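Note that the structure is predicted; figures quoted are calculated from it, not measured. Per chain, numbering begins at 1; letters A, B, ... match sequence-line order.
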Amino acid sequence: MIGIIDYGMGNLRSVENALKELGAEALISDDEAVLADCEKIILPGVGAFGDCVANLRQKKLDRFVIRCIEEGKPLLGICVGMQMLFEESEEKGVHQGLGFFTGRIVRFDTDLPVPQIGWNELILKEHPLRNRLRKNPYVYYVHSYHAAEYQEEDLIGWSYYGDVKVPSLFVKGHVMAAQFHPEKSGEEGLKILKYFLEDFV
Amino acid sequence: MITKRIIPCLDVRDGKVVKGVNFVGLKEVGDPVKLARTYYEQGADELVFLDITATHEHRDTMVHIVEQTAAQVFMPFTVGGGIRTTDDIRRILRAGADKVSLNSAAVRNPDLLQEGAGMFGDQCIVLAVDGRMRKDGSGWNVVISGGRIDTGIDAIEWIREGVRRGAGEILLTSMDADGTKKGFDLPFLKAVREAVSVPVIASGGCGALEHFYDVFAADAADAALAASLFHYNELTVGDVKEYLKEKGVPVRL
């Protein structure tokens, strides 16, 4: 069973639909006890970083996420769900994140339109996931902020938005985190979720 | 590299996809969920459902269409039409849509933009603007209610304000170009692009492959939307993308 954390933010239905398409059983819950029984956890998120973190804390699910990480339960963060795993964000004031990944979340510095909305090529380092996907598969992004000052060894995938390198797929320990939306990235996105479901431990 | 998006638009009335010229003379062209699936398989980058149902009773029909689409189409889609309150926005997003587009409702109640953006994030609020050139040619006015009412509001000023209020994207329809099949309204699009920094979706007037190229070559939009062209199988999304790729426009293939 895959647990999708519901803290009142985001299009949870899409993540659930994608998991179902892959034949996985999934539940959406804000109840720690229910989520704790799941084998893997997904932390989605859209909206403003500060609101997301505040809602997560208010439901005391921040501690649950940290406990999952400490216990080595596989976790996937998506979009703001990824960003919250970093130390802090500068979106609408400075907000503390959960601090699992080293680095901070900063606004795009570009002449291109912000947010970045659309499909961009994902460039991958040598990693087991890479062999599962087309070369430089397209994935779907919607965001105005991205990770910076991260640890190079945590990064496995990125895209370029104009001249800006957008770090967008991180793996550290039992945690995987994507800035893009695998659940909205067509067949290649589904393959990334399938990797998390079947092979990521 | 970020790619240019091709977005089929499905006008939905009473649960069926319809198409007319200048919003009149509507004809039924199919089942929205089936068409959505077809476009997904053709490689569409996003979809837009525009609910033009006149009556309130059919609102639940749209929610149902959104739920079914979200279960089998793994790409982003937007729903517009008939969304007047933050509760309406919540219902559509919870059903599985990624964004909502606000048009007349935002003109009548601009606070809806920042309320929606505040609750659900800028990224899911698309400001849809229908504009028509003023008689003296000095600019464009916002028209609402399917083009029937000229608000007298300057479209560029309204779009600036909409972005300040939290719109994350602009869907611009030129009422001068819509239905003509003579190409997108490049001067209008460029004026919007210069005014705001959020992505712009071009709509209205597309009737041939070259029109997609023209709008991207002029850097007048980040995405192009078309309806009848795709519904009647004059072109597939794949045809458009192959053509654009040959011409050097970055697209997802």
Side-chain angles (χ1 to χ4, degrees), chain A residues 8-18 20-22 28 45-49 51-52 79-80 91-92 108 110-121 123 134 136-145 159-164 166 181-191 193, chain B residues 1-7 40-41 43-47 66-78 90 92-99 116-126 163 166-170 192-193 196-201 219 221-223 241 250-253:
Chain A
M9 303 295 284
N11 185 347
L12 307 174
R13 182 72 75 93
S14 296
V15 177
E16 186 190 23
N17 282 332
K20 278 190 183 153
E21 174 76 8
L22 293 167
I28 296 174
V46 298
F49 185 101
D51 294 342
C52 283
C79 197
V80 182
E91 182 175 4
K92 297 175 184 165
F108 266 116
T110 175
D111 293 332
L112 292 176
V114 176
Q116 168 177 223
I117 299 182
W119 299 77
N120 204 332
E121 280 174 298
I123 301 158
R134 277 171 56 165
N136 299 355
Y138 286 100
V139 291
Y140 187 78
Y141 289 90
V142 186
H143 63 131
S144 300
Y145 294 78
S159 295
Y160 287 96
Y161 190 51
D163 299 334
V164 180
V166 183
H181 288 271
E183 77 282 10
K184 287 286 168 180
S185 296
E187 301 304 314
E188 296 300 305
L190 291 178
K191 285 187 212 163
L193 288 175
Chain B
M1 192 195 290
I2 188 80
T3 54
K4 297 293 188 180
R5 288 171 282 154
I6 302 298
I7 308 178
Y40 172 64
E41 285 164 1
D45 296 306
E46 287 185 40
L47 285 177
V66 170
E67 284 172 353
Q68 287 178 289
T69 304
Q72 45 179 295
V73 165
F74 303 99
M75 69 172 158
F77 64 96
T78 302
R90 186 191 314 275
I92 291 291
L93 296 180
R94 280 201 83 93
D98 299 277
K99 313 182 219 180
M119 281 184 180
F120 310 106
D122 299 3
Q123 82 294 329
C124 67
I125 305 296
V126 180
V163 171
E169 198 169 18
I170 304 297
V192 172
R193 214 157 165 65
V196 292
S197 62
V198 300
V200 177
I201 304 168
D219 194 27
D222 302 286
K241 290 186 154 187
V251 288
R252 175 179 71 109
L253 268 179

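Side chains of Phe120(B) and Arg90(B) form a contact here, defined as non-hydrogen atoms less than 4.5 Å apart. In this structure, Tyr145(A) and Val80(A) have side chains that are not in contact, with every pair of non-hydrogen atoms separated by 4.5 Å or more.
Between Ser14(A) and Lys184(A), the closest heavy-atom pair is OG-CE, 3.3 Å. For Pro199(B) against Arg5(B), the heavy-atom pair with the smallest separation is CB-NH2, 3.9 Å.
Residue Ser159(A): no heavy atom, backbone or side chain, is found under 4.5 Å from chain B. Proximity to chain A (any heavy atom under 4.5 Å) is restricted, for Lys99(B), to the side chain, taken from C-beta onward. Both the backbone and the side chain of Glu121(A) come within less than 4.5 Å of a heavy atom of chain B. In this structure, chain A has heavy atoms under 4.5 Å from both the backbone and the side chain of Arg252(B). Looking at Val200(B), neither its backbone nor its side chain comes within 4.5 Å of chain A, counting heavy atoms on both sides. Only the side chain of Leu190(A) comes within less than 4.5 Å of a heavy atom of chain B; its backbone N, CA, C and O stay farther away. Contact of Asp222(B) with chain A is made through the side chain alone, with heavy-atom distances under 4.5 Å. For chain A, no part of Ala223(B) is nearby; none of its heavy atoms comes within less than 4.5 Å. For Ala117(B), no part lies near chain A; criterion is any non-hydrogen pair under 4.5 Å.
Ranked by heavy-atom pairs under 4.5 Å with chain B, the list Val114(A), Val142(A), Asp111(A), Asn136(A) is led by Val114(A). Between chain A and the residues Gly96(B), Pro76(B), Cys124(B), Pro250(B), the most heavy-atom pairs under 4.5 angstrom are made by Pro76(B). With chain B as partner, the option from Tyr141(A), Tyr138(A), Tyr160(A) having the largest number of non-hydrogen pairs under 4.5 angstrom is Tyr138(A). When Lys20(A), His181(A), Glu187(A) are compared by the number of non-hydrogen pairs under 4.5 Å with chain B, Glu187(A) comes out ahead. Interface check for chain A: of the options Leu253(B), Val251(B), Asp122(B), the most heavy-atom pairs under 4.5 Å are formed by Leu253(B). Note: Pro113(A) leads Pro137(A), Pro113(A), Gly186(A), Pro115(A) in heavy-atom pairs under 4.5 Å with chain B.
A salt bridge is defined here as a Lys NZ or Arg NE, NH1 or NH2 lying under 4.0 Å from an Asp or Glu carboxylate O, and Lys241(B) with Asp45(B) meets this definition.
Taking the six-membered ring where the residue is Trp, the centroids of Tyr161(A) and Phe108(A) are separated by under 6.0 Å.
Atoms CD1 and OG1, from Ile125(B) and Thr78(B) in turn, are 10.5 Å apart once rounded to the nearest 0.5 Å. Atoms CD and CG, from Glu21(A) and Leu193(A) in turn, are 11.0 Å apart once rounded to the nearest 0.5 Å. Of the inter-residue distances, the one linking Met119(B) atom CE with Asp51(A) atom CG reads 11.0 Å to the nearest 0.5 angstrom.
At a cut-off of 3.5 Å, with distance as the only test, no side-chain donor of Gln72(B) or Tyr40(B) sits close to an acceptor on the other residue.
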